[in-house]
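Just so we're clear, the structure is a prediction, and the values are computed from it rather than from any experiment. Sequence lines set the chain letters: A, B, ... in the order given, protein chains first and strands last, and positions in each chain run from 1.
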Amino acid sequence: MLDINRIRKEPEKVIELLSRRGRDFAVKLEEIREIDRKWRESLLKAEELRREINEESKEIGRLKREGREADPGKLEEMKEKSARLKELQDEKKFKKELDDLLLLLPNLPDEGLDHPEDRVIREEGGPVEFGFEPRTHWELGDMLKIISFKRAALLSGSRFALLEAEGAELERALINFMLDIHKEKHGYREIMPPYMVKYEVMEGTGQLPKFSEEMYSTTGDDENSRMYLIPTAEVPLANMHRGEILEKNDLPKKYVAYTPCFRKEAGSYGKDTSGLIRNHQFNKVELVNIVLPEESPGFHERLLGESEEILKQLGLKYRVVELGTGELGFSSSKTYDLEVWMPGEKMWREVSSCSNCGDFQARRMNTRFRNEDKKTGFVHTLNSSGLAVGRIFAAVLENYQTEELSIRVPEALCGYMKGKKTIERN
RNA sequence: GGAGGGGUGGCUGAGCGGUUGAAAGCGGCGGUCUUGAAAACCGUUGACCCUUUACGGGGUCCGUGGGUUCGAAUCCUACCCCCUCCGCCA
């Protein structure tokens with residue numbers, strides 16, 4: 001959520017920054033300012049009336065205590081004032097309207113971000129050469145009998161995967177490997193959060209109200225009992241301190257969690273229909289940092305490095321992309337994507353998205369910190385996949401395949417696979 | 001699922017429908033004392049919103065929403081959450 005004060009003070013700047021996303025926000029902003037003006041006007045009226053009521057009620061109380069009765073005419077007048085206040089619902093109505101509009105506004109892109117298109121900023125890892133035509137991971141998964149899309153479809157329909165035998169084992173190994181690195185090398189606290197969360201929690205990180213068509217939810221007997229399946233662990237992790245005021249020296253908070261993620265993938269019909277790339281359910285290890293505002297750019301760079309570390313240890317070729325202002329996610333002010341090379345698919349695939357959300361989510365979640373002069377401020381939140389497990393599974397198959405149809409297990413994973421060096425057909 | 005109990009400030013815990021934003025204790029902060037520290041004593045100690053250049057002024061908040069009332073932390077109501085006991089269960 002954007003700061004309404006900033007919108008009041010420098011609307012032109014806010015419009016300019018928002019419009020870098022590729023849409024003109026001038027009209028929307030004017031609408032917001034208009035409602036803000038109306039809200040403040042009616043708030044003033046309501047508060048004035050309330051003040052009068054408070055004052056005169058106190059007077060009546062004083063008289064009562066002295067055993068005297070208040071003037072009946074006065075009581076009549078008060079009754080009337082009270083009724084008038086009750087009818088003056090504009091204040092609440094406008095406030096609600098204002099908040100509803102603000103909740104739909106995306107974050108401002110970082111001021112330094114001025115290119116609308118994505119930009120590759122680095123490429124790491126040497127060339128990947130095969131003396132044969134490399135297969136796609138779904139071909140490999142099928143031939144090795146470690147992934148069954150057929151059985152998954154039988155159970156759940158399209159866009160699901162079922163892993164078997166060494167497939168399941170490899171997935172588990174990847175999860176544990178990633179968690180261990182972040183925990184032991186990068187100093188994260190490991191969390192196992194709920195996979196279903198409340199509406200407000202989804203609102204806190206920015207998934208709702210705008211992207212409800214992307215989210216799975218339980219039907220529930222009523223609106224209150226409806227639960228939302230998390231599309232990423234960012235949701236529960238970032239929301240862990242919602243409504244809290246954290247002490248300055250409790251920060252930063254660094255959380256890592258492995259969770260399944262659930263996404264409807266609405267509007268992606270016909271896109272990436274094969275394989276592990278775009279499924280309704282996938283595993284991911286996610287990193288979340290909750291930090292002081294002035295420290296977030298530094299943590300953002302560090303976070304990127306922490307995600308990269310996994311790719312380096314797995315020996316995968318990848319590149320770092322700085323997202324353009326037109327490609328930024330709703331809550332993000334700046335994002336780096338990590339893309340890994342898929343020799344079978346012959347394309348780069350995003351396996352991590354590393355974002356600085358600034359105070360955008362903190363405002364929605366009401367997560368604050370207190371600094372030394374006792375003032376409160378909103379924290380900054382950052383998140384990064386560390387990494388998308390299913391896509392890395394795919395990358396391992398495609399990058400470590402051999403001509404005679406087996407998969408070499410990356411060295412870093414051997415310890416997590418009971419020393420197994422290869423995955424053979426079974 | 002059945003039966004009860006409860007949600008008050010960082011924490012514990014009071015609170016007749018009217019000087020209660022809220023007693024008291026703990027904790028925190030500042031000070032006195034001390035070479036230093038502890039103890040003791042004194043003082044201080046919530047968040048948010050509107051308005052104001054500032055000083056200040058006003059308002060809201062006692063789980064959440066609605067209601068009663070001139071006036072609600074206190075009464076009514078719906079919902080949410082937590083706890084205890086019983087039953088069932090991974």
Side-chain angles (χ1 to χ4, degrees), chain A residues 1-10 32-103 192-204 217-218 220-228 236 239-251 253 359 362-379:
Chain A
M1 188 142 80
L2 299 186
D3 181 5
I4 186 68
N5 283 307
R6 178 135 191 231
I7 293 175
R8 278 176 205 150
K9 275 186 209 131
E10 35 179 19
I32 285 171
R33 293 182 68 205
E34 180 55 29
I35 290 174
D36 179 47
R37 280 189 286 265
K38 283 186 186 161
W39 168 61
R40 276 187 296 171
E41 200 181 300
S42 51
L43 179 67
L44 222 58
K45 262 192 238 165
E47 289 193 341
E48 172 59 24
L49 199 50
R50 212 170 279 141
R51 208 207 69 216
E52 287 173 25
I53 293 169
N54 285 347
E55 233 166 49
E56 288 161 31
S57 292
K58 244 173 211 167
E59 183 57 33
I60 294 170
R62 197 167 315 142
L63 291 175
K64 267 267 163 63
R65 243 173 296 119
E66 289 166 9
R68 292 192 285 155
E69 280 303 315
D71 164 29
K74 188 80 177 176
L75 280 181
E76 264 318 297
E77 187 193 325
M78 292 290 287
K79 206 168 215 161
E80 186 267 326
K81 269 187 185 171
S82 188
R84 193 139 45 94
L85 178 63
K86 210 157 281 174
E87 272 162 33
L88 205 65
Q89 289 294 327
D90 300 4
E91 182 239 310
K92 280 183 184 169
K93 195 188 87 198
F94 288 137
K95 178 72 170 120
K96 169 96 169 64
E97 243 174 89
L98 180 63
D99 284 343
D100 285 351
L101 285 173
L102 285 175
L103 283 170
M192 272 224 180
Y195 304 150
M196 292 193 278
V197 298
K198 300 190 273 192
Y199 183 95
E200 314 90 83
V201 172
M202 288 290 237
E203 191 176 76
S217 63
T218 62
D221 305 328
D222 55 82
E223 272 309 303
N224 286 326
S225 59
R226 168 170 267 172
M227 296 288 269
Y228 291 82
N239 274 284
M240 275 173 65
H241 298 287
R242 72 199 323 277
E244 277 184 50
I245 300 177
L246 299 158
E247 290 307 321
K248 193 172 177 180
N249 49 20
D250 285 340
L251 297 173
K253 299 274 190 192
D359 63 8
R363 286 179 187 280
R364 292 171 158 248
M365 302 185 295
N366 197 21
T367 305
R368 292 169 292 171
F369 70 96
R370 194 190 308 278
N371 61 20
E372 44 291 290
D373 48 337
K374 301 202 139 195
K375 290 265 181 260
T376 59
F378 288 104
V379 297

Work out how far the P atom of B/A73 is from that of B/A23, and round it to whole angstrom.
15 Å

Sticking with atom C1', work out how far B/C83 lies from B/C29, rounded to a whole angstrom.
35 Å

Gap in Å between the two C1' atoms, one belonging to B/U68 and one to B/C75, rounded:
8 Å

Is there a side-chain contact (heavy atoms from CB on, under 4.5 Å) between A/Leu101 and A/Ile35 once you walk through the steps?
CA-CA 10 Å; A/Leu101 285 173; A/Ile35 290 174; 3.5 Å; yes

Apply the test side-chain contact (heavy atoms from CB on, under 4.5 Å) to residues A/Arg51 and A/Glu47: give CA-CA distance (whole Å), side-chain angles for both, the deciding distance (0.1 Å), then the verdict.
CA-CA 6 Å; A/Arg51 208 207 69 216; A/Glu47 289 193 341; over 6 Å; no

Set of side-chain contact (heavy atoms from CB on, under 4.5 Å) partners for A/Ile245, sequence neighbours left out:
A/Arg368, A/Arg370, A/Thr376

Who passes side-chain hydrogen bond (donor to acceptor under 3.5 Å, both in side chains) against A/Lys79, sequence neighbours left out?
none

Partner nucleotide, any strand, of B/A73 [Watson-Crick/G-U, under 3.5 Å]:
none

Scanning all shown strands, the Watson-Crick or wobble mate of B/A39 with both distances under 3.5 Å is none

A/Lys81 NZ: over 12 foreign heavy atoms closer than 6.0 Å
yes

Quick one: label A/Lys58 by what it contacts on the DNA or RNA (base, sugar-phosphate, nothing), any heavy atom closer than 4.0 Å.
nothing

Starting at NZ of A/Lys45 and ending at P of B/G59, how long is that distance when rounded to a whole Å?
19 Å

Distance-minimising heavy-atom pair for A/Phe94 and A/Ser42:
CD1-OG, 3.5 Å

Separation of B/U60 C1' from A/Lys95 NZ (nearest whole Å):
12 Å

For atom CD1 of A/Ile60 and atom C1' of B/G71, their distance in whole Å:
7 Å

Between A/Glu80 (CD) and B/U69 (C1'), how many Å, whole number?
16 Å

Exam field: side chain A/Arg363 to backbone A/Leu2, donor-acceptor pair closer than 3.5 Å:
no

In whole Å, what separates the P atom of B/G58 from that of B/G63?
26 Å

Rounding to a whole Å, what distance do you find between A/Glu52:CD and B/G58:C1'?
12 Å

Paired with B/A3 by Watson-Crick or G-U wobble geometry, both distances under 3.5 Å: which nucleotide is it?
B/U84

Rounded distance in Å - CZ (A/Arg51) to C1' (B/U60):
16 Å

Determine the interatomic distance between P on B/U64 and the same-named atom on B/C82; round to the nearest Å.
16 Å

For B/G71, take OP1 and OP2 only and decide whether either is under 4.0 Å from a side-chain N or O of A/Asn54.
no

Expected string for nucleotides 44-50 of chain B under the B/S/- scheme (protein heavy atoms, under 4.0 Å, primed atoms plus P, OP1, OP2 as sugar-phosphate) is ---SSSS

Watson-Crick or G-U wobble mate for B/C89, both contacts under 3.5 Å:
none

Just wondering, are more than 12 heavy atoms of other shown residues or ligands nearer than 6.0 Å to CE in A/Met196?
no

With C1' as the reference atom in both, quote the distance from B/U77 to B/G87 in angstrom, rounded to an integer.
31 Å

Considering only atom P, compute the distance from B/G9 to B/G46 and round it to an integer number of Å.
14 Å

Nearest whole Å is fine: how far is B/G57 P from A/Glu55 CD?
14 Å

Taking a pair as Watson-Crick or G-U wobble with both distances under 3.5 Å, which nucleotide is matched to B/C48?
B/G59

Does A/Arg242 reach the side chain of A/Glu200, with side-chain heavy atoms less than 4.5 Å apart?
yes

Round to the nearest Å and state the distance from A/Glu48 atom CD to B/U51 atom C1'.
12 Å

In chain order, what residues pass the side-chain contact (heavy atoms from CB on, under 4.5 Å) check against A/Leu44, with sequence neighbours excluded?
none

Pairing check on B/A22: which nucleotide meets the Watson-Crick or G-U wobble criteria with it, both distances under 3.5 Å?
none

Can you name the atoms? Protein N/O to nucleotides 61-64 of chain B N/O, anything below 3.5 Å, with the distance.
none

Set of residues satisfying salt bridge (Lys or Arg N to Asp or Glu O under 4.0 Å) with respect to A/Arg8, sequence neighbours excluded:
A/Asp36

Gap in Å between the two P atoms, one belonging to B/U84 and one to B/G13, rounded:
15 Å

